[in-house]
Amino acid sequence: MSELVARTGRQQQRYKDGYRLIAGCIPFKCSNDVEENGGGPSKKIVEVLMINSNRGPGLLFPKGGWENDETAEQAALREAMEEAGVHGDLVHFLGDYPFKSKRLQDEFSPEGWCKAAMYALLVKEELESWPEKSHRQRSWLTIPKAIECCRHAWMREALEKGFWNWYADGMIYTLPIKDVPKSSSNQS
């Protein structure tokens, strides 16, 4: 079995209009909470996965540089595996979120402006080992708790305005999902 390794460096980094392009996701899972009072109706519990920051308090969603040899979707999936050790399906585009990085200033983005394409990721597998396991811890949180713990304002906005609104609208999948059988109307 080959060892998983995270990409490093910025040789393949994408830039557009003075922004460093980032891709990331809000990993989530759903479960049913069965009422204990006589088998009443169950309600759906949604939890999101956050990881610790290497640079201070608070929690983050997996994200990182979108490189020239991949799509934003591929970059988001790669970052989820590298930083949080999860695989799954991107099911909804949550939006683009601009922010200013204090430490990622370079010749193509001298003021440190970044723009993050964020997605909802339905988690299907949690890996036992992943590239950044030695310095990342995973935490499954309810949405209100995640909002409270979120380190960056732009990530909190992606959670509150992107993910939460999508959740309130019924979590309709807007991106193609792998391993989904074709509808019965397409079968003979």
Side-chain angles (χ1 to χ4, degrees), residues 10 13-31 44-67 70-106 108-123 132 135-175 177:
R10 293 216 162 62
Q13 179 61 60
R14 286 182 188 239
Y15 293 86
K16 185 176 180 184
D17 300 328
Y19 286 89
R20 178 174 179 244
L21 301 182
I22 304 290
C25 62
I26 297 179
F28 74 98
K29 65 181 178 181
C30 300
S31 60
K44 184 188 298 187
I45 302 294
V46 175
E47 293 179 301
V48 296
L49 180 66
M50 299 187 82
I51 54 177
N52 66 300
S53 169
N54 290 328
R55 294 180 180 82
L59 297 175
L60 312 168
F61 294 110
K63 59 95 182 116
W66 170 13
E67 299 185 0
E70 61 191 352
T71 65
E73 293 86 355
Q74 289 168 330
L77 290 168
R78 176 179 51 78
E79 291 294 338
M81 186 279 298
E82 289 178 358
E83 292 188 351
V86 293
H87 287 293
D89 292 327
L90 297 178
V91 296
H92 183 71
F93 176 64
L94 301 171
D96 288 315
Y97 296 88
F99 65 97
K100 191 170 184 177
S101 173
K102 292 178 182 158
R103 64 176 197 87
L104 296 176
Q105 300 169 348
D106 59 28
F108 301 107
S109 181
E111 295 183 27
W113 284 105
C114 299
K115 188 179 291 183
M118 294 295 287
Y119 298 86
L121 173 77
L122 176 59
V123 174
E132 296 187 21
H135 52 277
R136 298 280 190 191
Q137 294 177 336
R138 301 184 283 211
S139 299
W140 285 102
L141 305 167
T142 62
I143 296 170
K145 185 66 176 170
I147 290 169
E148 181 182 312
C149 295
C150 198
R151 177 178 169 90
H152 298 297
W154 73 268
M155 285 188 181
R156 195 168 29 259
E157 180 182 354
L159 180 58
E160 288 179 306
K161 293 183 178 167
F163 192 88
W164 189 261
N165 288 343
W166 174 66
Y167 171 75
D169 287 342
M171 299 178 83
I172 305 299
Y173 295 177
T174 59
L175 298 173
I177 304 170

Minimum-distance pair of heavy atoms, taken over all atoms of [X] and [Y]:
X      : Y      : result
Phe163 : Met171 : CZ-CE, 4.5 Å
Ala84  : Leu49  : CB-CD2, 3.9 Å
Leu175 : Leu90  : CB-O, 3.6 Å
Leu121 : Val86  : CD2-CG2, 4.0 Å
Ala76  : Gly24  : CB-O, 3.6 Å
Val48  : Ala146 : CG2-CB, 3.5 Å

Do [X] and [Y] come within less than 4.5 Å of each other through their side chains, counting heavy atoms only?
X     : Y      : answer
Leu60 : His152 : yes
Val91 : Thr174 : no
Cys25 : Phe61  : no
His87 : Val123 : no
Lys63 : Trp154 : yes
Ile22 : Phe99  : yes

Candidate pair Trp140 and Lys29, rule side-chain contact (heavy atoms from CB on, under 4.5 Å), full reasoning
CA-CA 9 Å; Trp140 285 102; Lys29 65 181 178 181; 3.6 Å; yes
Test side-chain contact (heavy atoms from CB on, under 4.5 Å) on His92 and Tyr119 and set out the steps.
CA-CA 6 Å; His92 183 71; Tyr119 298 86; over 6 Å; no
Under the 3.5 angstrom rule, does the side chain of [X] hit a backbone N or O of [Y] as a donor-acceptor pair?
X      : Y      : value
Asn52  : Gln137 : yes
Gln13  : Trp66  : yes
Arg20  : Cys114 : no
Arg138 : Met50  : no
Arg151 : Arg55  : yes

Assess whether a salt bridge exists between Glu70 and Arg78, defined as any Lys/Arg side-chain N lying under 4.0 Å from an Asp/Glu carboxylate O.
yes
Are Glu83 and Arg136 within salt-bridge range, i.e. N to O under 4.0 Å?
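Here Glu83 pairs with Arg136 in a salt bridge, since their nearest N and O are under 4.0 Å apart.
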Ring centroids only, cut at 6.0 angstrom: are Phe28 and Trp166 within range, meaning strictly under it?
yes
Students often mix this up, so state it plainly: with edges at 30° and 60°, are the rings of Tyr167 and Trp164 parallel, tilted or perpendicular?
tilted
Would you find more than 12 non-hydrogen atoms of other residues, nucleotides or ligands less than 6.0 Å from Lys145 atom NZ?
no
